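Letters go in sequence order (proteins before strands), and every chain restarts at 1. Remember, predicted model here, so these are calculated numbers, not experimental data.
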There are 2 protein chains.
Amino acid sequence: MIKCLKCNRVEAILKAGFLRGQQRYYCKDCSFHFTLGGTLKPSPTSRKSRPTTIKDIARALGVANSTVSRALHDHPDVNEDTKKAIIQMAQQMDYQPNQVAYDLVKSQSRIIGMLVPEFNHVFFPTVIIGAQEILTKAGYRMIIMQSNESYADEISNTATLLASRIDGLIVSMTKETNHYEHFKAFEKREIPMVFFNRYAEEIMAQRIVIDDYQGAVAAVEHLIGQGYRRIAHMAGPRNLTLSQERLRGYIDALSRNGLPVLNELILHTDLSDETAKIYAQHFLDMAEPPDAIFAINDPSAIQIILAARAKGIRVPAELGVVGYSNDPRSAYIEPGLTTVAQPTKEIGRLAAKKILALLANEASGPTDQFVKLDTELIVRASSLRAQAPR
Amino acid sequence: MIKCLKCNRVEAILKAGFLRGQQRYYCKDCSFHFTLGGTLKPSPTSRKSRPTTIKDIARALGVANSTVSRALHDHPDVNEDTKKAIIQMAQQMDYQPNQVAYDLVKSQSRIIGMLVPEFNHVFFPTVIIGAQEILTKAGYRMIIMQSNESYADEISNTATLLASRIDGLIVSMTKETNHYEHFKAFEKREIPMVFFNRYAEEIMAQRIVIDDYQGAVAAVEHLIGQGYRRIAHMAGPRNLTLSQERLRGYIDALSRNGLPVLNELILHTDLSDETAKIYAQHFLDMAEPPDAIFAINDPSAIQIILAARAKGIRVPAELGVVGYSNDPRSAYIEPGLTTVAQPTKEIGRLAAKKILALLANEASGPTDQFVKLDTELIVRASSLRAQAPR
DNA sequence: ACTCGTACCGCAAACGTTTGTGATAGAAAT
DNA sequence: ATTTCTATCACAAACGTTTGCGGTACGAGT
């Protein structure tokens, strides 16, 4: 509630820049400029110790800024003695280079943006670790943002990253994302992008994906090998490529082995635990229930196991369960969950390396390469009917 | 291997700045400046579309930079019509403000640094989520770095953050960290710091900690209430305050209930799974083994349960186990692990709020406040001897 | 006709770097 | 003695903003 000092109204008060650190206001009604707090600050006593700059060093030694800059970069055009003096003075004055100024003149940031849907599970943090491992070694910093699986958040985050003048972007899209204009802005600026796991066909960019098809085939064929015949699939959201690929692997594995593909045994979840639980119960309540379920991810698979346990259905004897993504919980639940492990950290490393490569030689052939990483089936008790007591 | 174009030697070649984008070299032997690649680049054809600036808009409309800047900030000193024209032109030219330039003139960054020991477990990512929730809402970005529990990495990371001119720092120290000079640099620059979980007494900063003492007391008294009498403690590294506090809680809970504190029942781990496993076996192999173990964290507690299972020792009938930190696995292991839950996300939120508060009013009393957050004991099967079959 | 207030806009400095080019001196070469 | 070279440094522009202040033009008041 700011009142105009002239007309005492509060309606039409606008901020109008700063005057010596004081917020300046402007009343639209009476057209009056003013600042709050009466007198201006008389240069505050708590003089925040300004970090020393190159100019300070130059002034202290009576040389030019350029000489200092060159000396600190070990440029040959400066005398060894003055170089020594400058470096010593820099240490003495506790000089820290201002990255912001450097970035401005270089019109770069040495920052790589990383945009992921969420932080809650293990997958994305692990990818981040892998990327950070490579990028920090190469002298890059990272700004990590999460879109909370929200399209709107993704838009605002990309805007922030664009304003931050990031040098590259590593991104996994929201499950809501259907339009890609916000990514085209990076394309236009020729900012290298690497998509992982979830990607847009429309965007020219590097793509790193897990071979979801192969992983799904391996999972389902494992179930078939264990003697399961009526295998259901708790699939993921339709718009995600990974869902489509895993579904395709499920279908192909079935038909390749002479088993029918039944629509009633395929349900698409939104990846939430609640829906997974409801769908699990639906499967188990069917007149002719499945004898195995291949789930889109481990959290869903865990919900299935819990639902089965609640109903007194024995896993794996009466119901085989296979998950996806090797959640750390999957090793500790009873029974241990068979799952498809993804080379998570490797994704991050690879994405970082690709970004660095793109940054190094800008004119490197087609920029929309496609890399598929193999998965590994980790077999635990939840799918081992062969050895389990009937 | 760069050869001097004059004397053909390779020994004394130094880099000497750039000439029109070409790396320029300098031979110390023959004192010769040269560039590689013969002719200079004739202004590359792949003209990278430079992002449009305020100047571009100004030139396009024949107004001054300042007018554009003011118009985009809705400053009252610019006519509504020109304001409209400028905003429209900005959209048309796809203008994105350059955050780097803004930061330079404001001598700020609107970046909060976050430095955590690791990313692997759930704790730190969850804290980050909480902090990000608050900070992004306030228009701040975050640079997140991990020190990998390495003191050397912590040093280099703080240097990077300092050069990045972060406005504030949220940090949890390495378990190796014993010297704090690298944090004093922030103190000197008056960059607000918030330590969480692990902190340094020597540094003037806000501190947010879990009330580890209270959590430990609750855990151990719960065990005593369940009839356990010979309660061991798998403690953490000695230099961490949280280890000391939990140990203190363990000791006080014992003596307050008239139970002896036995040194042989206290072992300090380094928080690794391997050590936890070894120590767990040591406890169980004792001539007079403990009937309960209070572990410094859930991963260690899980190792204890696994070791007991391997030895055929029944939990909780023969051995009670309580962990700390409510790892997601703890709910899924058999038996469910009793644990002390920490308000993880709340730590992040609180840290972010404190940073913002410090940023808002710089002269806010003592800057080394201390906040303790309460824990919550989550009781699961691993400690319920009362109801369990003997 | 004169002053005065004001709406509007431009000028220019500043933030802290980097870097091409110009300037100076002394030394070496002619 | 004159030229040429070169080691060493300073000058100044540039990166893209923000912002205090000076200026113009126009309307209102005297």
Side-chain angles (χ1 to χ4, degrees), chain A residues 6 15-24 26-28 30-33 35 40 50-59 61-73 75-83 86 95-109 163 165, chain B residues 6 15-24 26-28 30-33 35 40 50-59 61-73 75-83 86 95-109 163 165:
Chain A
K6 198 167 166 188
K15 293 192 178 183
F18 286 84
L19 181 61
R20 264 189 283 278
Q22 288 271 34
Q23 179 62 258
R24 213 169 128 216
Y26 172 75
C27 175
K28 266 215 158 180
C30 59
S31 298
F32 183 59
H33 284 260
T35 71
L40 296 177
R50 192 176 49 82
T52 66
T53 73
I54 279 194
K55 290 182 186 176
D56 297 328
I57 303 177
R59 207 174 313 121
L61 273 89
V63 295
N65 302 341
S66 47
T67 307
V68 177
S69 173
R70 280 190 253 258
L72 295 175
H73 285 67
H75 193 283
D77 269 9
V78 38
N79 189 297
E80 284 299 328
D81 292 335
T82 57
K83 199 179 284 184
I86 286 171
Y95 170 73
Q96 292 279 353
N98 187 329
Q99 186 74 27
V100 180
Y102 179 89
D103 291 346
L104 180 61
V105 39
K106 291 284 193 179
S107 70
Q108 60 159 26
S109 61
R165 291 294 189 271
Chain B
K6 197 170 169 189
K15 294 193 177 183
F18 286 84
L19 180 62
R20 264 188 284 277
Q22 289 271 35
Q23 179 63 256
R24 212 169 129 215
Y26 172 75
C27 175
K28 268 216 156 181
C30 59
S31 297
F32 182 59
H33 285 260
T35 70
L40 296 177
R50 191 175 49 82
T52 65
T53 72
I54 278 194
K55 291 184 187 176
D56 297 328
I57 303 177
R59 207 175 314 121
L61 281 131
V63 295
N65 302 341
S66 46
T67 307
V68 177
S69 172
R70 279 190 257 258
L72 294 175
H73 284 69
H75 192 283
D77 270 9
V78 37
N79 188 297
E80 283 300 328
D81 292 336
T82 57
K83 200 178 283 184
I86 287 172
Y95 169 74
Q96 292 280 351
N98 187 330
Q99 186 73 28
V100 180
Y102 179 87
D103 291 346
L104 180 61
V105 38
K106 291 284 192 179
S107 71
Q108 61 159 25
S109 60
R165 291 292 190 272

Undergrad: Which comes earlier along DNA chain C counting from the 5' end, the contact point of B/Arg165 or that of B/Val68, where each point is its nearest nucleotide?
TA: B/Val68
Undergrad: Classify the side chain of B/Ser66 versus the base of C/dC11 as yes if they form a donor-acceptor pair under 3.5 Å and no if they do not.
TA: yes
Undergrad: How many whole angstroms separate atom CG of A/Asp56 from atom C1' of C/dG16?
TA: 10 Å
Undergrad: Of the non-hydrogen atoms in A/Lys83 and A/His75, which two are nearest, and what is the gap between them?
TA: NZ-O, 3.2 Å
Undergrad: What's the NE2-P distance between A/His73 and C/dT19, to the nearest Å?
TA: 7 Å
Undergrad: Starting at atom CG of B/Asp77, determine the distance to atom P of D/dT18, rounded to an integer number of angstrom.
TA: 15 Å
Undergrad: Using a heavy-atom cut-off of under 4.0 Å over every strand shown, decide if B/Ile54 touches base, sugar-phosphate, or nothing.
TA: sugar-phosphate
Undergrad: If you compare every side-chain N and O of B/Lys55 against the phosphate oxygens of D/dC15 (OP1, OP2), does one of them come in below 4.0 Å?
TA: yes
Undergrad: Using a heavy-atom cut-off of under 4.0 Å over every strand shown, decide if A/Ser107 touches base, sugar-phosphate, or nothing.
TA: nothing
Undergrad: Could you list the residues that satisfy side chain to side chain contact (heavy atoms under 4.5 Å, CB included) with B/Thr52, not counting sequence neighbours?
TA: B/Asp56, B/Met93, B/Tyr95
Undergrad: In whole angstroms, how far is the P atom of D/dT18 from the NE2 atom of B/His75?
TA: 12 Å
Undergrad: Would you mind telling me which of D/dT8, C/dC11, D/dT18 lies closest to the side-chain atoms of A/Asn79?
TA: D/dT8
Undergrad: Using the test side chain to side chain contact (heavy atoms under 4.5 Å, CB included), find all partners of A/Ala64 that sit at least two apart in sequence or belong to another chain.
TA: A/Ser66, A/Thr67
Undergrad: Base, sugar-phosphate alone, or nothing: which one does A/Val105 contact when heavy atoms must sit under 4.0 Å apart?
TA: base
Undergrad: Taking for each residue the nucleotide of DNA chain C with the nearest heavy atom, is it B/Ala101 or B/Val63 whose nucleotide lies nearer the 5' end?
TA: B/Val63
